Each structure stands twice: as structure tokens, then as C-alpha cells.
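Bear in mind the structure is a predicted one, so any value in this text is a computation, not a measurement.
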Amino acid sequence: MRRIINCSFFVLCSLFICINTSAQSWVKKAAKSIFTVQTFASDGSLLGSATGVFVGEQGEAISSFAPFRGASRAVVIDAAGKEWPVEVMLGANETYDVARFRVAIKKSQPAALAPQSAAEGTAVWLLPQREAKQAIAGTVRRAETFNTHYSYYTVKLANQSSMPNSQQSGLPFFDAEGQLLALMQQPATDADTVAYAVSALFADSLKMVGLSINDAALRSVGIKKALPDDFGQAQLTLYVAPSTLDSLAYVKLLGDFIAKFPQHPDGYVSRALLAADGGHCADADRDMAEALRVSDKLDETHYNYSRMIYQKLIYRPEPQYEPWTFDRAFQEAEAAYEANPQALYRQQQAYVRFAQQKYAEAAGIYATILNSELRSPDLFFEAARCHLMQNDTTAYIAMLDSAVSLFSRPYLKEAAPYILARAKARLDAGKYRDATADLNDYEQLMAVQVNDQFYYLRFQAERGGRLFQQALNDIAKAIDMNPAQELYYAEKASIEVRVGLYDDAIKTATECIAHAPEYSDGHLFLGLARCLKGQKAEGVKSLQRARELGDPQADALIEKYGK
């Protein structure tokens with residue numbers, strides 16, 4: 001029995017010697033790709049450290065992500081003991097605790113990546129802390145597939161217990177040919193007898209995409225993030241960035257975008273918009289000139305230029321920037337249309353002419369695009385405003401009719417603004433019952449949002465259309481919603497007098513006086529209602545008080561009822 005045990009021990013030792021011997025041919029070269037990464041907080045204090053591996057000749061590297069969380073700066077110490085700053089983050093995955101980044105090094109010595117996963121039972125080697133003499137042999141116990149074709153390994157090591165946990169994060173596993181296979185994960189406890197590692201191919205596959213700017217893991221790192229290599233994804237980053245980054249970070253991102261994609265106008269246009277918003281119009285002008293120089297879609301760039309000038313003149317007219325005028329904005333929109341005759345560019349011309357108060361010209365432009373792909377209630381409403389500013393009530397209402405006609409009954413809430421606009425136009429034009437019908441539709445759509453002003457508006461339409469009971473109901477609702485508004489009491493008393501409800505008018509006028517004793521209309525309608533009811537003495541006193549408060553109608557009523 002003793003002989004059998006000794007024989008087994010000899011076989012195991014021989015196997016371990018063979019494994020180590022086979023590793024020596026590549027281990028020194030592999031060790032040159034290994035480094036230590038150290039991360040620091042904004043106050044300069046050390047946050048953490050891990051081992052990492054270069055995977056590209058331009059400083060591309062992979063390591064554990066954990067030390068980077070909260071870091072504002074990081075450095076790597078290479079195999080020769082030289083220190084290099086981490087320049088930019090290239091990707092991260094917090095779930096599998098891996099990060100990819102680029103180091104600002106002249107030239108790095110990359111490890112060759114194993115092209116495929118290792119099977120269970122495969123011999124592997126762990127190279128800790130850049131010291132080849134400490135290579136530790138192991139065997140893959142389990143290889144679990146994740147993300148379709150990457151592996152998560154469980155590895156049994158010969159003497160894992162000799163390494164403290166703090167030194168194990170990011171340590172590289174190599175296969176028999178010296179190819180980088182995986183990065184070691186931080187063990188849960190020192191008592192762990194097996195190691196866990198995530199595929200190096202997976203770590204190297206990490207890359208920035210358009211929405212990486214919102215990735216929680218990357219946002220926790222204060223180190224600069226790379227733009228995506230794909231232009232479309234970089235465009236998406238540029239689109240999302242203003243709502244995600246602070247102004248300084250956004251400026252840096254714009255500079256990076258322009259440096260990476262100098263022949264695309266998007267970066268110049270975005271930077272010009274930012275400059276214009278900050279009042280740096282000359283800088284914006286230069287960027288837009290460059291955008292036009294490199295653009296392969298001149299219509300879009302001219303259109304963006306026109307909008308930039310227009311918005312500056314509308315929303316930030318001071319201080320003036322002499323080269324930017326409404327005529328210049330019109331010319332840019334015109335150039336866009338000449339390059340590509342789209343209705344959108346004609347609409348922009350109409351905006352400019354409206355802002356110049358050239359309403360007839362703006363209306364003429366709208367007329368050319370009302371049946372275009374832009375045809376919508378908004379477009380008809382914009383055209384309607386041109387006619388309103390020319391006091392052309394008929395054309396104004398006709399345009400609003402067209403806007404409303406694009407909706408079908410039962411109306412959706414989207415129709416409400418246009419229905420309300422037409423109601424007001426009809427009311428101003430004396431079309432009281434049509435206005436009332438529109439306001440009834442509006443109330444059905446916006447029942448929760450209507451307020452006292454709405455009911456007062458409909459009261460006016462109903463009064464004009466001699467719908468007196470409806471008018472009284474609506475002015476009562478207005479009073480309930482806003483009992484402090486003395487005008488509503490006076491209007492209600494006026495209608496009550498008109499339809500012979502003198503007692504109601506006396507009550508309403510008295511309430512008006514209680515809320516606003518110095519408001520002359522309350523005294524006027526109280527006096528008139530009393531006179532009409534036969535209480536002339538009391539009525540004239542109220543009319544005299546209205547005269548004292550400056551009401552111009554009081555004298556004629558006193559003259560009539562004071563005899």
C-alpha cells in the first residue's frame with residue numbers, strides 16, 4: 001500500500017514538473033504584458049489596485065473594474081517598473097468586474113489572446129504580479145458559457161492559498177501556448193480553494209457604444225471615456241451628451257468628436273450651437289463655415305445654420321452680432337432649399353419672414369407647403385397666424401377650420417388647442433353660437449383642465465348668442481372657481497337684470513359689493529335692479545355710490561330713475 005501511495009505521489013510531481021517546464025518557453029514573454037494598475041480619488045488618495053494585461057500595441061489593456069469605481073485618475077506600472085497614466089476608458093462591465101482602457105504609453109507589449117475557450121480539464125497557468133518565477137499551474141474544473149460564446153471558468157490551482165486575496169484581482173491565466181485565456185476574479189474569502197476567472201476575449205470585446213455615456217459603471221469613473229469608433233454610435237453619444245454631461249465635459253467631448261471625425265459636420269455644428277448659446281457667435285460662425293466645407297449634405301448644414309441664427313435673434317437678441325441678421329437666416333434656409341427642395345426648408349423661410357413682420361410673404365410661403373408632407377394642424381395654425389397679423393379674419397378662421405378638419409370626431413385631446421383658437425376667433429368675429437359649439441367640444445376634451453377663465457369665455461359666447469340660461473350657469477361656475485373675481489359677479493348681475501331676475505341680481509350685486517366695496521359695477525347693478533323692481537329710492541342711493549366711485553353709466557341711470 002505504501003508503494004502505491006509513493007508511486008501516485010511521483011506521478012503527480014512529474015506532471016507538475018512537466019507543466020512548469022512547458023510554461024517556461026513563453027512565460028517570460030507573457031510577463032512583459034502584465035502590469036499593476038493603481039487608481040486614485042480626486043483628492044489624490046489611493047483607491048485600489050489590481051493586475052492587468054496589455055492586449056494591444058497602442059496601450060489597449062484589460063483589468064478588473066472594481067478599482068476604477070470612483071476613480072478620477074489611474075496609472076499602470078509596467079513590467080520594467082515604469083509608470084504610465086491611464087488615458088481613456090474603452091469599456092466596462094460591472095457584473096463580470098472587467099474594464100478595458102488605453103494607457104498613454106509609446107508602445108505596449110500585448111499578450112496574444114486565446115482564440116477560443118478552454119475545455120474542462122485543460123491545464124492553465126496563473127502569472128501573478130509580473131513575476132514569472134511564481135507561475136502557478138492549475139486545471140480548468142468548469143467552463144460555463146455566457147453572452148453566447150464567452151466562458152466563465154472555475155480553476156483548481158496548485159497553491160492558491162499562498163496568495164492573499166488583495167493580490168488576486170485581475171491576475172491573468174494563460175494556456176499551454178502562452179495565450180491569454182482569462183482574468184482572475186477576486187475570491188470571496190481567503191478560504192476559497194478554487195479560483196474563478198472571466199474570459200479575456202470578453203474583456204477585450206468591451207467597447208463604447210452610443211448609450212455607454214449613460215452606463216452606470218462608466219459614469220462612476222471620473223476618467224475620460226472614449227468615443228465609439230463607429231460613427232453612427234458616436235453620433236448617438238453626441239445626441240445624448242447634452243442631457244448627461246456637465247458643460248465642461250460636453251465641451252471636451254465635442255473636441256474629441258471633431259478630432260476623431262474631422263470630415264463630418266456634426267461635431268462642428270454641435271459646437272457652434274453651444275458657442276451661440278453662450279453668446280460666442282464669432283466662434284459659432286467659424287465652426288459653421290467649417291461644417292459647410294466638409295459637409296456632404298449641404299442642405300442639412302445650411303438649414304442648421306439658418307435655425308441657429310434665427311434662434312439667436314429671437315431668444316437672445318442682445319448683444320447683437322452684426323453678421324447674423326434675419327435676412328442672413330433666410331438666405332441660409334434658401335440655400336438649403338436650393339440644395340434639396342424640401343418643405344421643411346420653406347417652413348424655415350416662413351418663420352424668418354414672420355419674425356420680420358413680413359406677414360403677407362410668410363403666408364405666401366405657407367401656401368406653397370400646406371399640401372406637402374408637412375401638412376398638419378400645426379402648419380395650418382402657423383399659416384393662420386400670418387392672416388391674423390394682417391387682420392384678415394376670414395382667412396384666419398378658414399385656416400383654423402382646416403386645422404380642425406384634420407381631426408375626426410370623436411376628437412382626441414390633440415385637437416383641443418386648435419378648437420380653442422377657432423372658438424376665440426369666432427367669438428371675436430361675432431359668430432357666438434359657433435364659438436359656443438367649439439367651447440363645448442373643448443370642455444369635453446379638457447374637462448379636468450378647464451378653469452374659471454374658460455367658463456367666463458364661454459359665458460361671453462353664450463351671452464352674445466342669447467343663450468342666457470347657459471350663460472348664467474357658466475358665470476356661476478366661474479364664480480365658484482374664483483370667488484374673489486368681482487368682475488364675474490357684475491357680469492352675472494348684468495345678465496340677471498337683462499332677463500328680469502331682479503331678486504337674483506340684487507343678491508349677486510350685494511355679494512359683489514361684499515367682496516369689493518370699491519368696485520363701482522356692484523353698486524351700479526344693485527341700484528339698477530332695485531329701481532327696476534320698484535325700489536327706486538334705495539336704487540338711486542346705490543347708483544349715486546356708483547357715481548362717486550367713477551362709474552360713467554351712473555349719471556344717465558340716476559337721471560332716468562331719480563325723478
Side-chain angles (χ1 to χ4, degrees), residues 370 374-385 387-388 393-501 503-505 507-512 514-516 519 521-522 525:
L370 287 175
L374 296 182
R375 182 181 176 87
S376 66
D378 267 348
L379 193 67
F380 280 103
F381 183 72
E382 291 167 9
R385 290 174 62 233
H387 297 293
L388 175 64
T393 303
T394 301
Y396 176 54
I397 294 177
M399 286 291 109
L400 293 176
D401 285 341
S402 295
V404 174
S405 71
L406 293 180
F407 299 94
S408 57
R409 292 181 180 274
Y411 291 131
L412 299 176
K413 282 190 175 182
E414 286 76 11
Y418 311 104
I419 293 172
L420 181 61
R422 187 173 68 176
K424 291 178 178 179
R426 285 173 162 177
L427 178 60
D428 292 340
K431 298 181 177 183
Y432 301 116
R433 295 209 171 195
D434 288 340
T436 300
D438 276 342
L439 291 169
N440 290 341
D441 286 335
Y442 183 84
E443 182 186 33
Q444 287 184 349
L445 292 172
M446 309 296 289
V448 177
Q449 287 87 353
V450 292
N451 56 21
D452 59 296
Q453 295 176 16
F454 167 79
Y455 287 112
Y456 179 59
L457 182 68
R458 192 166 67 179
F459 158 80
Q460 292 173 292
E462 291 162 337
R463 180 181 60 187
R466 303 181 65 82
L467 302 170
F468 296 125
Q469 186 56 58
Q470 292 95 314
L472 284 172
N473 293 340
D474 276 343
I475 199 65
K477 289 177 183 177
I479 291 172
D480 286 341
M481 288 183 165
N482 186 2
Q485 177 54 265
E486 62 269 17
L487 171 64
Y488 297 161
Y489 296 95
E491 294 280 28
K492 184 170 184 284
S494 172
I495 292 292
E496 288 167 338
V497 166
R498 185 172 180 177
V499 298
L501 299 174
D503 288 336
D504 291 342
K507 180 181 177 182
T508 301
T510 302
E511 291 175 351
C512 180
H515 281 89
Y519 184 53
D521 278 5
F525 288 114

Can a donor-acceptor pair be found between the side chains of Asp441 and Tyr411 at a distance below 3.5 Å?
no

_So does Ile479 get a backbone contact from the side chain of Tyr456, meaning a donor-acceptor N/O pair under 3.5 Å?_
no

_Side-chain touch Glu491/Arg463, heavy atoms, less than 4.5 angstrom_ = yes

Inset, instruction - Answer whether the closest heavy-atom distance between the side chains of Lys413 and Gln449 falls below 4.5 Å. - result: yes

For Arg422, the side chain to side chain donor-acceptor pair (under 3.5 Å) test, sequence neighbours excluded, returns Asp401, Asp438

Note to self: Taking Ser402's backbone N and O only, do any of them form a donor-acceptor pair with Ser405's side chain (distance below 3.5 Å, no angle check)?
What the structure shows: yes

Tell me, do Arg433 and Leu467 make a side-chain contact under 4.5 Å, heavy atoms counted? yes

Side chain to side chain contact (heavy atoms under 4.5 Å, CB included) assessment of Leu472 paired with Asp504:
CA-CA 11 Å; Leu472 284 172; Asp504 291 342; over 6 Å; no

One should read off an interatomic distance between Leu439 CG and Tyr455 OH, to the nearest 0.5 angstrom, of 11.0 Å

### Query
Can Arg466 and Arg498 be said to form a side chain to side chain contact (heavy atoms under 4.5 Å, CB included), step by step?
CA-CA 11 Å; Arg466 303 181 65 82; Arg498 185 172 180 177; 3.5 Å; yes

Residue set satisfying side chain to side chain donor-acceptor pair (under 3.5 Å) with Tyr432, at least two apart, ordered chain then number -> none

Does a side-chain heavy-atom distance below 4.5 Å link Tyr489 with Tyr519? no

The complete set of side-chain hydrogen bond (donor to acceptor under 3.5 Å, both in side chains) pairs with one or both residues in residues 467-476, sequence neighbours excluded, reads Arg458-Asp474, Gln469-Asn473

Quiz prompt | Any donor-acceptor N/O pair, Asn451 side chain to Phe454 backbone, under 3.5 Å | solution = yes

So Leu388 and Met399, do their side chains get closer than 4.5 Å, heavy atoms only? no

Phe459 and Ile495: CA distance, side-chain angles, deciding distance, side chain to side chain contact (heavy atoms under 4.5 Å, CB included) verdict: CA-CA 10 Å; Phe459 158 80; Ile495 292 292; 3.6 Å; yes

